[in-house]
Amino acid sequence: MATAPTVAPEKAGQTIRKTYPNFKVIVLNDDVNTFQHVADCLMKYIPHMTHDLAWELTNQVHFDGQAVVWIGPKEQAELYHQQLRREGLTMAPLEAA
């Protein structure tokens, strides 16, 4: 008579790791801010922002109406969003990426 194989039970309370969601920082076009001001603010507050990328994003804001200028963890996104808003940029609400 053959015996059935033994199956180990699944671990109860197994921890499942989930990453925190990322958030988008989005600058909107307006009739108030100059190209220079928008580009300068991006270079000042967004980490690792290059001159060329800042100008590319500034043009995207102008011609497309908006640009995602940074994506990352919520706390940092809130900081960059607030800093850019304080400089007078028109900002979209933070949204999950």
Side-chain angles (χ1 to χ4, degrees):
M1 177 175 183
T3 59
T6 306
V7 177
E10 290 188 33
K11 294 180 183 177
Q14 191 173 15
T15 303
I16 298 173
R17 294 183 182 194
K18 293 184 177 182
T19 58
Y20 288 106
N22 285 328
F23 284 79
K24 299 178 194 177
V25 177
I26 302 170
V27 176
L28 301 175
N29 188 35
D30 60 33
D31 294 329
V32 178
N33 292 292
T34 65
F35 278 68
Q36 187 68 53
H37 181 65
V38 173
D40 288 345
C41 288
L42 294 178
M43 288 184 283
K44 182 176 180 180
Y45 294 111
I46 304 298
H48 312 293
M49 180 65 63
T50 64
H51 179 269
D52 290 342
L53 182 55
W55 279 97
E56 182 180 322
L57 290 169
T58 299
N59 278 304
Q60 186 179 348
V61 168
H62 179 73
F63 291 109
D64 296 343
Q66 67 179 25
V68 176
V69 299
W70 191 82
I71 299 174
K74 186 175 184 180
E75 272 190 12
Q76 289 172 276
E78 288 172 334
L79 173 64
Y80 304 144
H81 184 274
Q82 183 180 49
Q83 290 171 323
L84 294 171
R85 190 174 41 123
R86 282 185 180 164
E87 289 285 347
L89 301 189
T90 303
M91 304 298 296
L94 288 178
E95 62 180 63

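Scope of the values below: all heavy atoms of this structure, side chains included, with no hydrogens, waters or symmetry mates. Treat the numbers as computed from the prediction; the structure is a model and nothing was measured.
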> Are M49 and L79 connected in a single hydrophobic cluster, I mean Ile/Leu/Val/Met/Phe/Trp/Tyr linked by side-chain heavy atoms less than 4.5 Å apart?
Replying inline: yes
> Run the side-chain contact (heavy atoms from CB on, under 4.5 Å) check on V38 and H62 step by step: do they pass?
Replying inline: CA-CA 10 Å; V38 173; H62 179 73; over 6 Å; no
> Which other residues end up in the same hydrophobic cluster as F63, if Ile, Leu, Val, Met, Phe, Trp and Tyr are linked when side-chain heavy atoms come under 4.5 Å apart?
Replying inline: none
> To the nearest 0.5 Å, what is the distance between CZ (R85) and OG1 (T90)?
Replying inline: 11.0 Å
> If you look at every heavy atom in C41 and L89, which pair is closest and at what distance?
Replying inline: CB-CD1, 3.9 Å
> With hydrophobic residues grouped by side-chain heavy-atom distances under 4.5 Å, do M43 and I46 end up in a single group?
Replying inline: yes
>> For H37, give me all partners under ring pair (Phe, Tyr, Trp, His ring centres under 6.0 Å), at least two apart in sequence or on another chain.
In response: none
> Considering all heavy atoms of both residues, which atom of V61 and which atom of A67 are nearest to each other, and what is their separation?
Replying inline: CG2-CB, 3.5 Å
>> Listing request: all salt bridge (charged side-chain N to carboxylate O under 4.0 Å, His left out) pairs with a residue in residues 40-49, at least two apart in sequence or in separate chains.
In response: K44-E87
> Mind checking what makes side chain to side chain donor-acceptor pair (under 3.5 Å) contact with N33, not counting sequence neighbours?
Replying inline: D30
> If you look only at pairs with a residue in residues 60-82, which of them pass as a salt bridge (charged side-chain N to carboxylate O under 4.0 Å, His left out), with sequence neighbours excluded?
Replying inline: none
>> Suppose we screen for ring pair (Phe, Tyr, Trp, His ring centres under 6.0 Å). Which residues come up paired with Y45, at least two apart in sequence or across chains?
In response: none
> Mind checking whether W55 and L42 have side chains closer than 4.5 Å, heavy atoms only?
Replying inline: no
> About how many Å separate OG1 of T50 and CD of E56, when rounded to the nearest 0.5 Å?
Replying inline: 8.5 Å
>> Is there a side-chain contact between V27 and Q66 in this structure, where contact means two heavy atoms from C-beta onward sitting under 4.5 Å apart?
In response: no
> Nearest heavy-atom pair of A54 and A39: which atoms, and what distance?
Replying inline: CB-O, 3.8 Å
> If we only count heavy atoms from C-beta on, is the I71 to V25 side-chain gap below 4.5 Å?
Replying inline: no
>> Just to verify, which of T58, I26, L84 counts as forming a side-chain contact (heavy atoms from CB on, under 4.5 Å) with V69?
In response: L84
> Under the salt bridge (charged side-chain N to carboxylate O under 4.0 Å, His left out) rule, what pairs show up with a residue in residues 88-97, not counting sequence neighbours?
Replying inline: K24-E95
> Tell me, which pairs form a ring-ring contact (aromatic ring centres under 6.0 Å, His included) where one or both residues lie in residues 67-97, sequence neighbours left out?
Replying inline: W70-Y80
